[in-house]
2 protein chains.
Amino acid sequence: MRCSLSNHEQILHLLKGLNNQISPKFERCTGISSSRYELLHQLYETDEINQSTLQKAVNIDSAAITRHLKQLEANGMVARRRNPNDNRVIFVRLTEEGRKQIVGYKKEKVNFVNQMLHDFNQEELETLSDMLNRMQNNISEY
Amino acid sequence: MRCSLSNHEQILHLLKGLNNQISPKFERCTGISSSRYELLHQLYETDEINQSTLQKAVNIDSAAITRHLKQLEANGMVARRRNPNDNRVIFVRLTEEGRKQIVGYKKEKVNFVNQMLHDFNQEELETLSDMLNRMQNNISEY
DNA sequence: CCTCAATTATTGACCTGTCAATAAAATATA
DNA sequence: TATATTTTATTGACAGGTCAATAATTGAGG
């Protein structure tokens, strides 16, 4: 396997750098952190959902999920209750208030992402998405 | 499982998810965090360098740089001294010890990245690198 | 000279993520 | 039934990043 070290080095550096840039900028533009947005977005798509399946969907540690949701609950964006049939699990859903608010966030988010990808055509988007998925797969075993 | 995400939505989610996966795995595999590695790598390439230009090279906040370098100094990996001609700036360089150590890290890092990109050919690597750069440019104004 | 602005590094407050340890509930099994 | 295992959520300790405020030094202009 031929490995161009410099290219390989670059990729990791670029990925990290890009992400470090994205997070604060996303928040400045949209008024919400990208993780919070992800959570709300997932909730927006469904009615009521287990915390654990939500965790898997957004792909961040469950400890972080707990803290985000507690915050969002304190802000009146989401409501939580235990599953009566299984007292371990917690159901989460958007409140009416939350459902209303997220519409605005969505708009800002679309603007941001459109700017970030404004010069990508459909084919490139698919290529990129494919590559990111492949990388994720390639390190999933570790 | 929901699949109603547009491509634009997906990209951001993938990027974030990938990065969250990479950081801990990189550290487990190589024995050093990817930011620390970046710093040492930059220092490896030069002899002695301003902290501020180092900061620009690795593209993370200067507050974080200060803390990393203090740690690395405490571990005997880097040495720092003030520039005699401008007492504001600090020169950083690898110690002999650090220069020796990083060789091992480099090997582990190459293994990790090769695994992550093992099914990417040269053209794909360039495409990917190009795309990441474009995204970074597209949000640089924010 | 003296003040004012710019540069550099540092620190503190805060946010977000990880891991490891725990608690509580449900489930499997001896 | 009693005990062990698994699942789920939570918490604490920690690492790494941002921003904003500060100090110290340098450089520029009146």
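Residue numbering restarts at 1 for every chain, and letters A, B, ... go by the order of the sequence lines. Computation of the quantities below employed the complete heavy-atom set of this structure, encompassing side-chain atoms and omitting hydrogens, waters and symmetry-equivalent molecules.
- With contacts defined as side-chain heavy-atom distances shorter than 4.5 Å, the pair A:H41/A:K106 qualifies.
- Summary of the strand contacts: B:I65 and A:A64 both lie near DNA chain C, and taking for each the nucleotide with the nearest heavy atom, the more 5' one is attributed to B:I65.
- B:S62 places no side-chain N or O within 3.5 Å of a backbone atom of B:I65 that could act as its donor or acceptor partner.
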Extract all donor-acceptor atom pairs below 3.5 Å that involve side chains of residues 67-76 of chain B and protein atoms in other chains or at least two apart in sequence.
unit_1 : atom_1 : unit_2 : atom_2 : d
B:H68  : ND1    : B:R36  : NE     : 2.7
B:E73  : OE1    : B:R80  : NE     : 3.4

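- Residues B:M77 and B:L43 form no side-chain contact, since every pair of their non-hydrogen atoms from C-beta on lies 4.5 Å or further apart.
- Along DNA chain D, the nucleotide closest to B:P84 and the one closest to A:V89 are compared, and the more 5′ of them pairs with A:V89.
- Computed from coordinates, the B:L69 CG to D:dG16 C1' distance equals 14 Å when rounded to whole Å.
- Between the CG atom of A:L72 and the P atom of C:dT16 there is a distance of 9 Å, rounded to whole Å.
- Counted by atom type alone, A:N138 and B:D119 present one or more donor-acceptor pairs between their side chains at under 3.5 Å.
- Taking 4.0 angstrom as the limit, B:R67 places none of its side-chain polar atoms (N or O) nearer than this to OP1 or OP2 of D:dG17.
- In this structure the side chain of B:V89 never reaches within 4.5 angstrom of the side chain of B:S52, judged on heavy atoms.
- Straight-line distance from the CZ atom of B:F91 to the C1' atom of C:dA9: 14 Å, rounded to whole Å.
- Distance A:I49 CD1 to D:dT8 C1': 15 Å, rounded to the nearest Å.
- Nucleic acid contact for B:D86: sugar-phosphate only, since backbone atoms but no base atoms lie under 4.0 Å from a heavy atom of the residue.
- Among the nucleotides C:dC19, D:dT18, D:dT25, the one closest to the side chain of B:I60 is D:dT18.
- For C:dT10, one of the phosphate oxygens OP1 or OP2 lies less than 4.0 angstrom from a side-chain nitrogen or oxygen of B:R80.
- Put simply, B:Q51 has a side-chain N or O that comes within less than 4.0 Å of OP1 or OP2 on C:dT10.
- Sorted by residue number, the members of residues 19-33 of chain A with any non-hydrogen atom under 4.0 Å from DNA chain D read A:N20, A:P24, A:R28.
- The side chain of B:H68 contributes no N or O atom lying less than 4.0 Å from OP1 or OP2 of D:dA15.
- Each of A:K16 and A:T66 was matched to the nucleotide of DNA chain D holding its nearest heavy atom; the match closer to the 5' end belongs to A:T66.
- By the 4.5 Å heavy-atom criterion applied to side chains, A:E124 and B:R134 are counted as neighbours.
- Between B:K70 and C:dT11 there is a side-chain N or O to OP1 or OP2 distance below 4.0 Å.
- Closest contact between the side chain of B:R88 and the listed nucleotides C:dT18, D:dT7, D:dT25 involves D:dT25.
- Aromatic rings of B:F112 and B:F26 (six-membered ring for Trp) have centroids within the 6.0 Å cut-off, being under it.
- Between the CD atom of A:E38 and the C1' atom of C:dC15 there is a distance of 17 Å, rounded to whole Å.
- If you check every strand for non-hydrogen atoms under 4.0 Å, B:S52 touches sugar and phosphate atoms only.
- Side-chain nitrogen and oxygen atoms of B:R82 include none within less than 4.0 Å of the OP1 or OP2 phosphate oxygen of C:dA9.
- Counting to the nearest Å, the C1' atom of D:dT18 and the CD atom of B:Q55 are 12 Å from each other.
- For the pair A:N83 CG and C:dT27 P, the computed distance is 10 Å after rounding to whole Å.
- If you take CG of A:L39 and P of C:dC15, they are 16 Å apart, rounded to a whole angstrom.
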